[in-house]
Amino acid sequence: PKDWVPALSQSFGGTLVAPSHVTKILFGEQNGVSEISLNATKRLTADEYVFCAAPQRLLGILPDDKLPARHRQKLQKGDVY
């Protein structure tokens, strides 16, 4: 997997920001993701985002009102990889 980044970045037309960690997901007025915060210092906006971290990480970065309690429990207790 570590060899993927150089191979994919050669053909990727966007901006590669690595190594980075999403620290917050912010929502706009239409309930869509408006921007993300990387490493608690940089904010990015885009039309589409690809989240490749473990699903349980969403619990710490999504606002409480954007994830129903049932989904939150499934992420906490579920065996997801």
Side-chain angles (χ1 to χ4, degrees):
K2 290 183 180 182
D3 297 333
W4 294 357
V5 174
L8 293 173
S9 64
Q10 292 174 356
S11 62
F12 180 63
T15 303
L16 181 64
V17 185
S20 296
H21 299 282
V22 177
T23 51
K24 194 174 203 179
I25 297 177
L26 304 166
F27 286 80
E29 294 178 10
Q30 290 95 10
N31 277 342
V33 175
S34 63
E35 63 184 45
I36 60 170
S37 174
L38 295 179
N39 301 333
T41 58
K42 186 173 186 172
R43 289 185 165 186
L44 296 177
T45 59
D47 294 331
E48 296 179 350
Y49 301 91
V50 178
F51 185 76
C52 298
Q56 289 92 347
R57 292 256 309 127
L58 289 170
L59 296 172
I61 59 178
L62 280 174
D64 290 336
D65 62 334
K66 297 298 179 186
L67 192 62
R70 183 174 183 194
H71 294 132
R72 196 171 284 282
Q73 287 177 343
K74 285 187 177 195
L75 282 173
Q76 286 175 337
K77 297 179 182 179
D79 291 330
V80 291
Y81 301 96

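Since this is a predicted model, take the numbers as computed values, not measurements.
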Would you say [X] and [Y] make side-chain contact, with heavy atoms under 4.5 Å?
| X | Y | result |
| --- | --- | --- |
| Q76 | L59 | yes |
| I36 | T23 | no |
| R72 | D64 | yes |

**Prompt:** I61 and F51: side-chain contact (heavy atoms from CB on, under 4.5 Å), yes or no, with the steps?
**Reply:** CA-CA 12 Å; I61 59 178; F51 185 76; 3.7 Å; yes
**Message:** Looking at V22, is its backbone amide N or carbonyl O close enough to the side chain of R57 to form a donor-acceptor pair, meaning the two atoms are under 3.5 Å apart?
**Reply:**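 Yes; at least one donor-acceptor contact below 3.5 Å.
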**Main-chain N/O of L38 paired with S20 side-chain donor or acceptor, under 3.5 Å** =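 The answer is no, because no donor-acceptor pair under 3.5 Å joins these two groups.
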[X] [atom1] to [Y] [atom2] distance, which is reported to the nearest 0.5 Å:
| X | Y | atom1 | atom2 | answer |
| --- | --- | --- | --- | --- |
| F27 | D65 | CZ | CG | 8.5 Å |
| D3 | L8 | CG | CG | 10.5 Å |
| L62 | H71 | CG | NE2 | 12.0 Å |
| K24 | E35 | NZ | CD | 9.5 Å |
| L58 | K66 | CG | NZ | 14.5 Å |

